[in-house]
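Shown next, in structure tokens, is the structure this report addresses.
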Number of protein chains: 2
Amino acid sequence: MSVERQTEPEKQAAFEQWPDGVSFGVLRDLIGYALRRAQIAIYRDFFASVGADGITPPLFAALVLIAENPDINQSRLGEILGVNRAAAKALVDRLTAPKLVERQASPSDRRANTIRLTPEGQARLGDLIRQVQAHDARVARRLAPEDLSLLRDLLGRF
Amino acid sequence: MSVERQTEPEKQAAFEQWPDGVSFGVLRDLIGYALRRAQIAIYRDFFASVGADGITPPLFAALVLIAENPDINQSRLGEILGVNRAAAKALVDRLTAPKLVERQASPSDRRANTIRLTPEGQARLGDLIRQVQAHDARVARRLAPEDLSLLRDLLGRF
DNA sequence: TATTGTTATACTCTATAACTATA
DNA sequence: TATAGTTATAGAGTATAACAATA
């Protein structure tokens, strides 16, 4: 026999991009805030699409960079991602635990580790890329193709 | 006598938007990732400009919404910001501690609190808005005015 | 001296689950 | 039953500071 639920799990409220009847004041004019709201909306779609595997946006980015830049070390990975060494280590640890990546002693620098995908990591990354691309395409569908490439260009200037 | 430092404080590495010599693979084409990198760059400028007061982007947004929508309650604030009730409470708590906002019993619903700025909160918000606007203007300067309004429009579609 | 990785620690942000009071 | 607020708990993400090993 299963235990009866006392209450239903609370459903996540929908995120309205700029709800009516709310005064946003100065936030309306801040490009940083517009970016933040867009990011919230996109992250929600990401977690609904890919989140089931415990892979988050930062972990996905780290995984792709490790795959694309063989034998990169942690410090450089952190620089590229925009986090410090301690944070980069934490990301690599979270990919090492499920055996998606592995560290190896660097042959050229005995201080450094070299990070690369395991065979399982290779296989999982293929699936993940498909899931993330499907998510991104769904989100991108809200814009015309020419607007999308324009947006990419504008974002790249910050 | 002061204790001698053993090491210099580590400086934050610069964040290069799309560094050369790095392969980004599929990340290059994901609009979600382009947005993420732009956000990282903008957050860094925010913290360099405003962070000294302990006010973060989510706290600033909450403060403005409370100012602009008098007697809003926590749950509604959370909905607008895109977080749940528990997270909204945490935000309000962090604004209540330095006495920028205060809770009052709602006259119309004895379950609810009404949130509003204290006089100190009013005064501080004026300064904060100026700091945040200066930050945002500095960031926005990277785009021509017409590109900026275009960007705002495109971001609003997600 | 500077860099790589590590450890310890702490803080922000956010979520889930369950509880109380009220609607 | 549903909603507002609260509490306890947890986890992700990130930072700072210090240390050892190596360059």
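Throughout, a chain's letter reflects where its sequence line sits, starting with A, and its residues are numbered from 1.
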>> Taking the nucleotide of DNA chain D with the nearest heavy atom to each, does B:Ile40 or B:Thr114 sit closer to the 5' end?
In response: B:Thr114
Send over the distance from [X] [atom1] to [N] [atom2], rounded to a whole Å.
{"X": "A:Asp53", "N": "D:dG11", "atom1": "CG", "atom2": "C1'", "answer": "17 Å"}
{"X": "B:Phe15", "N": "D:dT14", "atom1": "CZ", "atom2": "C1'", "answer": "14 Å"}
{"X": "A:Asn113", "N": "C:dT3", "atom1": "CG", "atom2": "P", "answer": "18 Å"}
{"X": "A:Tyr43", "N": "C:dC13", "atom1": "OH", "atom2": "P", "answer": "15 Å"}
{"X": "B:Asp109", "N": "D:dA2", "atom1": "CG", "atom2": "P", "answer": "17 Å"}

Which heavy-atom pair separates [X] from [Y] by the least distance, and what is that distance?
{"X": "B:Phe60", "Y": "B:Leu125", "result": "CE1-CD1, 4.3 Å"}
{"X": "B:Arg37", "Y": "B:Pro19", "result": "NH2-CD, 3.8 Å"}
{"X": "A:Pro58", "Y": "A:Leu91", "result": "CB-CD2, 4.2 Å"}

> In residues 71-87 of chain B, which residues come under 4.0 Å of DNA chain D by heavy atom?
Replying inline: B:Asn73, B:Gln74, B:Ser75, B:Arg85, B:Ala86
> Hey, is the side chain of B:Arg110 pairing donor to acceptor with the base of C:dT22 inside 3.5 Å?
Replying inline: no
> Taking atom types as modelled and ignoring hydrogens, do the side chains of A:Ser149 and A:Asp153 form a donor-acceptor contact shorter than 3.5 angstrom?
Replying inline: no
>> Under 3.5 Å, is there a donor on one side chain and an acceptor on the other for A:Tyr43 and B:Arg36?
In response: yes
> Going only through I, L, V, M, F, W and Y residues with side-chain contacts under 4.5 Å, is there a path from B:Leu143 to A:Ile31?
Replying inline: yes
Between the side chain of [X] and the main-chain N/O of [Y], is any donor-acceptor distance below 3.5 Å?
{"X": "A:Arg116", "Y": "A:Glu102", "value": "no"}
{"X": "B:Arg103", "Y": "B:Asn113", "value": "no"}
{"X": "A:Gln17", "Y": "B:Phe158", "value": "yes"}
{"X": "A:Asp136", "Y": "B:Gly32", "value": "yes"}

> Relative to the 5' end of DNA chain C, which residue comes earlier, A:Ala112 or A:Lys89, by the nucleotide with the nearest heavy atom?
Replying inline: A:Ala112
> If we fit an axis to the first five pairs and another to the last five of the helix from C:dT1-D:dA23 to C:dA23-D:dT1, what angle do they make, to the nearest 10°?
Replying inline: 10°
> Are any non-hydrogen side-chain atoms of B:Gln74 and B:Ile115 less than 4.5 angstrom apart?
Replying inline: yes
>> For DNA chain C, which residues of residues 91-108 of chain A approach it to below 4.0 angstrom with any heavy atom?
In response: A:Arg103
> What nucleotide among D:dT22, C:dC13, C:dT14 has an atom nearest to a side-chain atom of A:Arg111?
Replying inline: D:dT22
> What does B:Ala88 touch in the nucleic acid at a heavy-atom separation under 4.0 angstrom: a base, only the sugar-phosphate, or nothing?
Replying inline: nothing
